[in-house]
Amino acid sequence: MTSLLVTGGAGFIGANFVRHTISHHPEYDRITVLDKLTYAGNPANLAGLEVDLVKGDICDTELVDDLVGTHDVTVHFAAESHNDNSLADPSPFVHTNINGTFTLLEAVRRHGTRFHHISTDEVFGDLELDDPNRFTETTRYNPSSPYSATKAGSDHLVHAWIRSFGIRATMSNCSNNYGPYQHIEKFIPRQITNILAGLAPKLYGTGEQVRDWIHVDDHNAAVHLILDRGRIGETYIIGADNDHINNKHVISLICELMGRAPDAYEHVNDRPGHDMRYAMDSTKLRRELGWRPRYTDVDSGMREGLEQTIAWYRDNESWWREAKAGVEATYARQGQ
Ligand code: NAD
Ligand code: TDX
């Protein structure tokens with residue numbers, strides 16, 4: 001039996017990971033979540049689960065040392081995760097994404113426990129729309145925003161701790177996730193809850209940007225495969241081959257699935273420095289570990305994933321309603 005520490009487990013992907021672990025991986029007999037419960041963390045995401053939730057900062061050396069030392073495996077999701085916020089104030093991004101990852105790595109080095117670092121496609125920068133290439137495990141780092149630069153910094157720390165100190169770590173870089181429990185500041189839940197709240201969906205700029213959308217359950221299934229069978233020291237790219245669908249297409253699909261005209265959205269100010277296209281090549285993960293995404297292809301799997309996600313936000317209005325006015329007021333101040 002194995003004990004598991006999940007940092008950021010009260011956030012979107014971390015909470016889905018805890019749920020996935022409880023329903024599919026009984027070998028993890030004790031699960032602890034370490035989460036600062038920032039605006040993005042919500043204890044309700046773990047309601048009813050047999051999990052110890054410790055409220056704390058991953059930069060707290062003593063607390064982190066104690067928790068890492070008493071769990072066999074640490075999976076590190078905790079981060080400041082929203083690009084738009086990083087443009088308004090980068091400082092929490094440096095604190096959590098860089099100093100927090102450093103604090104965890106030092107604890108892992110002291111205790112020799114297993115570590116998995118969760119990262120993003122954005123560390124590779126962006127591709128032009130007509131560039132046929134996709135990101136692989138060997139793509140050069142080239143981050144654009146304060147968010148992606150701090151995630152890139154955290155990845156470099158993990159690489160260095162693996163090479164210099166031989167820690168037992170793996171890493172994964174995944175593309176844009178969607179699914180239940182995602183904060184309504186993010187693209188897909190913002191549009192769904194706009195429609196539910198009687199507001200127009202909001203598209204940045206022309207909406208030509210491409211994100212390689214993946215359902216959160218497909219991401220988390222991949223993380224478990226890496227924990228079970230991934231090679232120590234290795235990085236795995238995770239992506240579900242949706243790298244041809246632009247934001248305009250996604251927003252129209254959401255409108256259509258929610259019974260609106262496909263063009264029933266507004267154009268708003270673009271994001272400064274907006275990355276154009278992300279595309280992931282997950283061949284290594286598929287070949288080595290046999291991973292297959294369930295929610296792939298925009299006309300079948302992604303449509304099904306979006307329908308389920310829309311139903312979740314419709315059925316869980318109390319989960320998002322209170323935050324909605326504040327999130328929209330912040331966007332309105334930015335002309336978004
Ligand atoms: P999220 O913002 O929904 O959740 C982050 C969680 O971390 C929150 O619960 C928050 O309270 C917690 N946290 C923040 N600072 C902390 C600190 N100093 N100490 C302890 N806890 C802290 O983010 P998410 O979308 O679930 O992303 C999780 C991870 O996955 C991040 O590392 C992110 O970079 C990565 N990622 C996200 C996506 C995506 O599309 N959302 C894609 C690829 C990778
Ligand atoms: O209202 C919006 N309208 C809009 O057009 C919002 C919030 C976003 N957008 C656009 C910007 C992006 O091109 O949609 C796309 C997706 O935006 P986000 O949901 O903010 O995601 P992104 O910036 O691509 O980053 C996400 O994927 C990689 C996560 O937030 C990161 O944590 C992850 O690392």
Side-chain angles (χ1 to χ4, degrees), residues 6-24 31 33 35-53 55 77-82 84-85 118 174 176-202 211 213-221 223 240 247 250-260 264-265 293-295 301-332 336:
V6 183
T7 73
F12 162 48
I13 308 177
N16 278 287
F17 178 77
V18 169
R19 288 173 178 275
H20 185 96
T21 305
I22 290 171
S23 43
H24 295 89
I31 302 178
V33 165
D35 198 296
K36 192 175 175 180
L37 300 179
T38 67
Y39 79 94
N42 186 346
N45 298 355
L46 302 170
L49 304 181
E50 255 198 59
V51 172
D52 285 327
L53 172 59
K55 184 178 178 193
F77 291 93
E80 285 292 336
S81 69
H82 193 39
D84 292 321
N85 296 344
I118 301 291
C174 187
N176 284 61
N177 285 218
Y178 68 96
Y181 301 100
Q182 185 166 29
H183 196 279
I184 56 168
E185 67 188 355
K186 303 281 172 33
F187 179 55
I188 286 179
R190 182 178 184 211
Q191 314 317 331
I192 295 171
T193 56
N194 273 359
I195 294 176
L196 292 174
L199 305 168
K202 305 282 196 289
R211 297 294 182 266
W213 292 103
I214 182 171
H215 192 281
V216 65
D217 288 344
D218 282 331
H219 180 182
N220 285 327
V223 172
N247 293 343
V250 174
I251 211 166
S252 297
L253 183 56
I254 293 171
C255 289
E256 185 205 319
L257 292 173
M258 297 185 74
R260 301 293 187 281
Y265 56 82
R294 174 171 167 221
Y295 298 93
M302 188 166 169
R303 201 181 172 93
E304 183 196 345
L306 275 178
E307 277 170 341
Q308 284 174 10
T309 305
I310 291 166
W312 189 87
Y313 283 91
R314 187 173 274 135
D315 294 346
N316 291 278
E317 187 169 333
S318 60
W319 183 87
W320 57 266
R321 181 49 94 169
E322 213 182 300
K324 186 68 184 167
V327 168
E328 289 309 313
T330 303
Y331 277 127
Q336 291 177 321

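Here the side chain of Gln191 pairs a donor or acceptor atom with the backbone of Phe187 at under 3.5 angstrom. Checked by atom type and distance alone, the side chain of Asn176 never pairs as donor or acceptor with a backbone atom of Trp213 at under 3.5 Å. A donor-acceptor pair under 3.5 Å is absent between the side-chain atoms of Thr309 and the main chain of Pro180, judged by distance alone. For the pair Asn194 (side chain) and Leu199 (backbone), a donor-acceptor distance under 3.5 Å is absent. Using a distance-only test at 3.5 Å, with no hydrogens or angles considered, no donor-acceptor pair links the side chain of Lys55 to the main chain of Leu53.
If you check the side chains of Asn85 and Tyr39, you find a donor sitting under 3.5 Å from an acceptor.
Side-chain contact between His215 and Gln308 is present, with heavy atoms from C-beta onward closer than 4.5 Å. Between Tyr178 and Ile192 there is no side-chain heavy-atom pair separated by less than 4.5 Å. Contact check for Glu317 versus Leu196: no side-chain heavy atoms found under the 4.5 Å cut-off.
Just one residue in the list Val33, Val216, Val223 forms a side-chain contact (heavy atoms from CB on, under 4.5 Å) with Phe17, and that residue is Val223. Test Leu46, Ile13, Asn220, Asn45 against Val18 for side-chain contact (heavy atoms from CB on, under 4.5 Å) and you get one pass: Leu46.
With sequence neighbours left out, Lys36 forms a side-chain contact (heavy atoms from CB on, under 4.5 Å) with Thr38, Asp57, His95.
Of all non-hydrogen atoms in Cys174 and Asn177, the two that sit nearest each other are SG-ND2, 3.5 Å.
Interatomic distance, Tyr181 OH to Tyr313 OH, rounded to the nearest 0.5 Å: 10.0 Å. Separation of atoms CG (Asp84) and CD (Glu185) is listed at 8.0 Å; rounding is to 0.5 Å.
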